[in-house]
Structures are given as C-alpha cells and as structure tokens.
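These notes are about the structure you will find just below.
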Amino acid sequence: MTDMTPKDDKLEQTNANTTSEELQDEIHHVNNPVLELPTIEKKYLGKVTGFVKDGSSFYFTDGKAKVEIKLFSDEIIRVRLAPEGVFLTDFSYATVNVSNGPTSYTMEEREDSYQITTARTSCIIRKADFHISFADTEGKVVNQDAKAMHWEENPDFGGYYVYCTKSAPQDEVFFGLGDKASNLNLRGHRVKNWNSDTYSYAFNQDPLYKTIPFYLGVTEGQSYGIFFDNTFKTYFDFAAEQPDQTSFWSEGGELQYYYIQGPQMIDVVRRYHQLTGTHYLPPLWAIGYHQCRWSYYPEKMVRDVTTEFRKRQIPCDAIYLDIDYMDGYRCFTWNAKYFPDPRKMIADLAADGFKTVVMIDPGIKVDENYWVFQEGQANNYFCRRGDDYFMEGFVWPGRCQFPDYTNPKVREWWGGLYKGLVEDGVAGFWNDMNEPAVFGRGTFPDDVRHHYDGYRGSHRKAHNIYGMQMVRATYDGLKKLYRDKRPFTITRAAYSGVQRYSSVWTGDNIATWEHLRIGLLQLQRLSVSGLSFCGTDIGGFTGNPDGELYTRWMQFGVFSPFMRVHSAGDTRDREPWSFGPEWEAICKKFIELRYQLLPYIYTAFWQQHKYGDPILRPIAMLEQHIPQNLRREEEFAFGDHIVVSPVLNPGQSSKTVYLPEGDWYYYFDNTAYAGGQEHQVATPLDEMPIFVRGGSMIPEYPIMQYTSETKIPVLTLRFFFAEGRFNSYLYDDQGETFGYENKEYSWKHFIVEATSDSLKVSQLAEGHYTSYHSQYKIYLIGLSVEVLDMKVDGVLASVEKDERGSYIVVDPAFKKIVYQA
C-alpha cells in the first residue's frame, strides 16, 4: 500500500537530523522574519497518492488533503474533504443514526482509479486528478466531478470556503432545495441558502425562509440525489454560469455531501428520509381545515368566527391566535383585557370541536419583571455576542434577547415553558420569526456565539439551524407535557431534518394569481425535498383576493397536506363566507371534500411516516422516463392514486391536463379518461380537475364538522375499475396517541385483480387496532359489463346500482370479493 505519511511529517523528520549550526544559518534576524506571506487562493486536490481503510470508510490522500468515502448503505455514500488532512468532529443536526452499512462491498485498485462497489452503486476515484464519480450496477456513470474538490482559506473567520463542481449533461434536470419560489426544474438557476424573513416575496426571489441543501438530478432517465449537509451559507449553481456544470459551495464548515443512488426519484427521496428521518405522524385533527388571521381578538371575535362555522355547517378543526393574544407580545402570557378567561374559552371551543393553536416567537422581551426573561437571564440561556454582550434586537415586543436553542439545557427549559399554555388547553403551537428575524438588520450579526451541542460555533454556522432547533425544543417539550398525545407544531424557518419535529408553511405570500402558482410549485418542491407536511397561506397573507382567487386557492388547499387560511390584519376578511353566498357554497363543497378524503389523506401521511413516500408528487416523479414530463408543473399526484391540476388563472373555463399512463376517472362524474396523453378539461367554478387512477380503492368518510365529531360504523370504499393487478391501502388508528408505535393501528392492503369479465378484491390486515367501522359500503365504478352475481367471502351478496351506474355492495369487513359477469 502507498505510504500515507504526510509530507509535513517527513519534513519534520528531516529537520530533526539538521545540525543547530545549519538551522542558525537559515534564520533571518530581521524585524519581520516572515519574508513571504502565502497567497490566499483556491487550492485543488492533486494526484491521489494512497489510501487507508477503516471499517466502511476509505481515506484517500494527495499527500496533504484527505477525502473520506464512507459507505452508509448499498445506495448512500458520503464524501468528506479535509484540506489539511484533519476532519472536523462528525456531528449533524440533520441526520439520524439509521444506517446499517452496505450488505456487501468490494474495493478494487486499477491502473488509473480506485473503485468501491456496493450491491447498488459504485464510487470511482480517478488517481490522476482526484475526480470522483458514481455509477450504477451496469457501470454507467450517473454523476461525476467536472473539477476536483477545492477550497480557499477564510482569513477573517478561519476555516475554508469549500467547493464541489459536477458535470451537468445537456439533458439533466434538477429538483428539490425546499421552498424556492421558482420553476420546479432548477436548471439555469443559481440559489442561496440563508434563512430569511422575506415578506411578500416575488417569483424567483431568493433566499427565502428555509435551508434544505438536498437536490435530485435526472439524466438519461436515471435519478440520483446530493445532500450537502452544511449549515453555513451555501450556494447552488445549476448550469447557470457554465452550461455543462453544476456546483455547490459554502462559506464555511466542511465539504461533506451524501450521494444517493436512484434510479427512480421516489427511491432517492425515500433514501434521503433514511438519512434525515420522516415526518412524525400528526394527530388526525391537524390534517383537517384550519382558520387563522393576524389576529383574531378579542375573545368575542374568536367565538363569533367559530360560531359562524358551526352555524353555516362548514367543517373546521382549528382556530389560531396570532401574537395579539399575548400580554405586550410577551411569549407564554395572555392579554387579560382581550382574553380574561382563556382556559374557559378554550374549553368551550373544544366542546364545539375546535382545537386552539397559538403563536410563539423566539424574541423574549427585555423586562426585569417578566418571568421568562428572569429565568433566561438567571441561567445564562440567551445568546451572547463575540465580546460577551447579550445579543439584543428589536422584534414585536420591542427590545429582546434570544435563547440559544443549540444548547440542550436551553431546549429543555424552552420545552417546559409551554406548561401553562398546555394546562390552559392549547392544542398546537406555531413557531414564527425564527430565521431568526430581527427588525432593522434582518437577522443576528455573524459574531453571535452558539453552544452548538458542545461543538461551538458563530452565527455563521448556527443561523440556518436556529429555527429548526427552536421547533425541536417545542416538539420535545410538548411530547413530555402532552404525555401520550401527539403534538402539533408548525415552523416558518427550517433545515433538513426538521420534518422530525414540525410541519411547515411557505411564509408571507401575496393574494395574487401569481402567488397561487408559486404555492403550487413550492409545495411540490417541499414534498420532494423531505418536507411533505406543508401548506400555503390560502388566499394570500397580504393583499386582497377577490372571491374567484380565494375559491380557486381553497380548491388547491384541499390537496395541500397542511390546509390553513391565514391573512394579515390590514386585509379583508378571509373566512369561507366572506366573499358572498356563491363563493361560500363552493368553498364549503371543497372543504367537505377534504373531510371526505381524510382516510385517504391520513393513509398518505402514514406512508410518509413509515416509508418516506412524499405526499405530493410532481408528474416528473411519476414518469421520469418521459423527457417532456420532467418539465410539467401544474399536475401533481396527491398520494398514490389521485392526480389534480389546480386552476391558476382568472376566468379560466378549461385547461389542458396531462394524465400519466394508465386509466383515469374524473372525480366529479366518473367519466373515464385514457392516460399517457393530454386532455382539454372543463373548469367550471365549482370544480377543478381531479382524477382517480383506475384500479385504485379510495376510502371516504361521511361529511363531518370536525374530525372527532362522530364514530363511523360504515366506511365508503370507491373502486375505480381497470384491468390488471393493483394495490391500495388504508391506515387507521386512534388518531391522537403514540399507540401506533406499538402496532396499535389498522393497516389494510387491498389487492385487486381484474379482467374484462371478472374481478377479485382481497384484503390483508396488519396491526392490533380494531377500527370502529365494521362494514364497508363499496362502490364499483366503471364496470363495462353487467354483474351477474357477486360473492363476498364465498357468500352471494346483494348488489344495488346508483344513478351513475356504479354497483354498490354493503357487507361486513371482507377478506375477499369476487364478481362474475
């Protein structure tokens, strides 16, 4: 094996043999003994001179710098660069320790390269120039360096700017990176990751609120992923500066990235979740309809709004209180003038089916008489600047100090502060302004110091994970306070891995048609970036929508994993009835549709939690083998079996909709459509294009005013006929506790086998939970022949026919249904 002794060590050995007289002659006795300062310039990895192996890690060197190639699984390989040959301590807020290593691997030294091969991918290190590439099992290169990894010393802060440049084939497209307000395909864009409070942002404005340094590339029908786990200010250039290159770099920290092999986009996203974790399973009420405003106060307004929902029979599960519920914007307090008895109010709302969600910001008012400030000061929990002054800035309460959530003691303290609000009955919490935002200067200065879980760092290092660690502290504290109940949290700022603690929304958008389109793009992007539990402020946060825009946005909101209306206080009302009876009726119809589809949606959330499946899936994810579909943006899949295409323009009476390969049915009238082509679809105001995949089984609830309003003895299943073999699923549990962690759930697997004249539906079951519904009402839709008889578990069953020609059978929970034409 090649000698790995660093050149500097050899030099020291040479110097040790040099006589003192020779050394004396080399010393220049002048005022400044350094005759030539080194020039700060970019340095590149040189020729590979050797390697050593340690477990599933391989360490390569060019004589000074080192590169670690670590195998996390058959499909996930990490690359790390140490410019001076010394790696930083291995620590990440983003990743979870779930890797078991590859099933097997080989290492082969060739004349011009080293090749490390697992069962699913290969990493090739070229000796001459240290270029790294990744290939599939057939040896086809999927991703490769265009230049060797490089770096430049940072004289002001220490450490390095670090760079990686990859080749970008002409056909390659790029997806991911969180909430970027741009086209789904990022090719031609250069973007920056630096969490920022961006009120009323514009299309292509960057950066925004979240840092998700993970992207997917698709080239020649194959997909891969790159996760650049670096919390400093990072940049990505997707063939913008050089049309044949894509680059990512950072202003500090390590050049550390994970290569994730596909070949399918959904495979890449699932494996990214293996690294960073999946969404916690939310309580069922959290995926109902939520109503919010800045702000609902005083108490009478809150009661009036909730009363109107029930009076008008428009379903709603949660009402939000923005910062005006607090005493002078002091977190964890109540404004006694506006809310004289919050505990009674919350109890009354709960009795009527409403959960109460309140906002908490990170800025703690500097007030010696304020108990939260007193505790933070006494325990040294607030951030300090480089010269040991407290970090102070102005936000809603005025002059504030800010907890250092990177300190585990601070996180534990912060989580305990929710005790009073939990005892008051508050069901969910909303963490805002946590980029962190500071009036006048944008955010914290760079010299603010952070504990960083013992690994220390300035705000340059901690900025992008500040909001994530805030909501982590919130979630962990609520888990203790709620005992066996699942918390509900939502955060504006985020970093990769935040899905383990919170849902997200896209921040302060605008009531325009353009922003409806931006929201459509952002939610698809967030979902493939690991943040499926996402939503927009329906109707726009600022500005004033008309009834048409609000209603079309509400229709899109039904198919947003997080469904909430929210708006600023200086805008017109945003309740579903605010725009008149015509629009109210349509909004009510679609909110009711949300509640009908809740078992389907809840199942999609379970698939995200259990398997890492994204809830929203762009057409590109469904059909990456069709090049033109990689640029489609307006259609997306919601879960396994539903495709929607929101209406994005005023006065639009029809739109072109592409349906993926297979058979499809228009949801509102069961009209059959062929897949693999575009269709012109009418878009009357009270409908939007919603299609169900043929062969699927869609579970539905009856319309309820809130998720726990009633027990459901008979569950509706709608089967949409297609020839072939198909799989559908249904998840159910208690809806509020962590019992599912001990298999206290019901997981149903429906297997459909259909021909032109026969149908067999089988049901497999898993879990220890017994659902309340003991019967199914099954609609068989799209059968092309007359049903002569139907057997359920071997017994003839009676069959009815509805006005649309669908066959209906009601029977106890079946194991097998068979019909013969």
Side-chain angles (χ1 to χ4, degrees), residues 96 98 266 270 273-274 277-288 317 479 482-488 499-500 503 532-533 561 595-615 638-642 695-702 704 707-719 725-753 760-778 792-793 809-817:
V96 292
V98 296
I266 196 167
R270 286 168 177 162
H273 278 298
Q274 290 175 14
T278 59
H279 276 286
Y280 62 92
L281 189 63
L284 183 59
W285 67 264
I287 61 175
D317 260 271
K479 280 189 75 172
Y482 285 132
R483 301 183 185 277
D484 194 37
K485 286 187 178 181
R486 304 173 210 164
F488 168 68
Q499 65 269 15
R500 304 194 298 269
S503 61
S532 274
F533 197 0
Y595 280 75
Q596 288 174 283
L597 290 175
L598 277 176
Y600 176 83
I601 298 170
Y602 199 40
T603 300
F605 269 86
W606 172 253
Q607 291 173 290
Q608 154 56 216
H609 169 75
K610 184 71 173 177
Y611 305 109
D613 292 357
I615 295 176
F638 186 75
D640 289 339
H641 301 307
I642 295 177
S696 62
M697 190 83 79
I698 304 297
E700 290 185 359
Y701 283 160
M704 296 183 290
T707 52
S708 59
E709 182 182 22
T710 185
K711 299 292 185 181
I712 302 166
V714 180
L715 183 71
T716 295
L717 293 176
R718 297 188 187 274
F719 170 69
R725 181 183 172 94
F726 307 93
N727 298 287
S728 295
Y729 303 94
L730 172 63
Y731 177 82
D732 189 24
D733 65 16
Q734 188 272 343
E736 196 170 38
T737 74
F738 284 94
Y740 66 86
E741 294 179 345
N742 298 313
K743 287 199 120 177
E744 292 178 21
Y745 60 77
S746 170
W747 176 243
K748 302 292 179 61
H749 179 191
F750 303 111
I751 303 168
V752 175
E753 298 169 273
K760 182 170 77 173
V761 183
S762 304
Q763 176 184 250
L764 303 177
E766 175 188 311
H768 304 318
Y769 178 75
T770 301
S771 298
Y772 188 82
H773 55 262
S774 58
Q775 288 185 314
Y776 294 121
K777 185 175 185 179
I778 305 171
V792 178
D793 295 336
V809 57
V810 178
D811 206 85
F814 63 87
K815 291 183 180 178
K816 186 178 291 185
I817 292 178

*Between Thr603 (side chain) and Tyr731 (backbone), is there a donor-acceptor pair under 3.5 Å?*
yes
*asked:* Are there over 12 heavy-atom neighbours, none belonging to Tyr772, within less than 6.0 Å of that residue's OH?
replied: no
*Interatomic spacing from OG in Ser771 to NZ in Lys711 - rounded to 0.5 Å*: 10.0 Å
*asked:* Can you give me the closest heavy-atom contact between His749 and Ile751, atom names plus distance?
replied: NE2-CG1, 3.5 Å
*Taking the side chain from Gln608 and the backbone from His279, do they hold a donor-acceptor pair closer than 3.5 Å?*
yes
_Donor-acceptor under 3.5 Å (Ser532 side chain, Ile615 main chain)_ = yes
*asked:* Quick one about Tyr595 and Glu709 (side-chain donor to acceptor, distance below 3.5 Å, no hydrogens or angles considered), yes or no?
replied: no
*Any side-chain heavy atom of Pro599 sitting closer than 4.5 Å to one from Asp732?*
no
*asked:* If I compare all heavy atoms of Gln763 with all of Lys748, which pair ends up nearest, and what's the gap?
replied: OE1-CD, 3.7 Å
_Quick check for you: to the nearest 0.5 Å, what is the distance between Phe719 atom CZ and Ile698 atom CD1?_
11.0 Å
*Go through the steps to decide whether Arg718 and Glu700 satisfy the test side-chain contact (heavy atoms from CB on, under 4.5 Å), and finish with yes or no.*
CA-CA 8 Å; Arg718 297 188 187 274; Glu700 290 185 359; 2.9 Å; yes
*Measuring from Leu597:CG to Phe638:CZ, what's the distance to the nearest 0.5 Å?*
7.5 Å
*Not counting sequence neighbours, which residues clear salt bridge (charged side-chain N to carboxylate O under 4.0 Å, His left out) with Glu766? List them please.*
Lys743
*Could you point out which residue of Phe605, Trp606, Trp747 forms a ring-ring contact (aromatic ring centres under 6.0 Å, His included) with Tyr729?*
Trp747
*Verdict with reasoning, Lys610 to Thr278, per side-chain contact (heavy atoms from CB on, under 4.5 Å)*: CA-CA 7 Å; Lys610 184 71 173 177; Thr278 59; over 6 Å; no
*Under 3.5 Å donor-acceptor, Gln596 side chain and Pro702 backbone*: no
*Enter the distance from Gln734:CD to Ser708:OG here, rounded to the nearest 0.5 Å.*
10.0 Å
*Which atoms form the tightest heavy-atom contact between Ser503 and Phe488, and what is the distance?*
OG-CE1, 3.7 Å
_Keeping Arg486 on the side-chain end and Pro282 on the backbone end, is there a donor-acceptor pair under 3.5 Å?_
yes
*asked:* Quick check: closest heavy atoms across Leu717 and Met697, and the distance to 0.1 Å?
replied: CB-SD, 3.9 Å
*So, does Gln499 use its side chain to make a donor-acceptor pair with the main chain of Gly277 at under 3.5 Å?*
yes
*Which atom names give the shortest non-hydrogen contact between Leu730 and His773, and what distance separates them?*
CD2-NE2, 4.4 Å
*Rounded to the nearest 0.5 Å, how far apart are CD of Glu741 and CG of Leu281?*
9.5 Å
_Spacing of CG belonging to Leu764 relative to CG belonging to Asn727, to within rounding of 0.5 Å_ = 9.5 Å
_Worked verdict on His609 versus Tyr740 for ring pair (Phe, Tyr, Trp, His ring centres under 6.0 Å)_ = CA-CA 11 Å; His609 169 75; Tyr740 66 86; 5.4 Å; yes
*Within 45° cone of Tyr280 ring axis and under 6.0 Å: Lys479 NZ or CZ*: no
_Under 3.5 Å: donor-acceptor pair, side chain of Tyr769, backbone of Gly739_ = no
*Is there a donor-acceptor pair under 3.5 Å between the side chain of Tyr776 and the backbone N or O of Pro699?*
no
*Do any N or O atoms from the side chain of Asp317 and from the backbone of Thr707 form a donor-acceptor pair under 3.5 angstrom?*
yes
*Chi angles and distances behind the side-chain contact (heavy atoms from CB on, under 4.5 Å) call for Val761, Ile778*: CA-CA 11 Å; Val761 183; Ile778 305 171; over 6 Å; no
*Give the minimum heavy-atom separation between Gly695 and Ser728, together with the two atoms involved.*
O-OG, 4.3 Å
*Could you give me the CA-CA distance, side-chain angles and deciding distance for Arg270 and Asp613, then say whether side-chain contact (heavy atoms from CB on, under 4.5 Å) is met?*
CA-CA 6 Å; Arg270 286 168 177 162; Asp613 292 357; 2.6 Å; yes
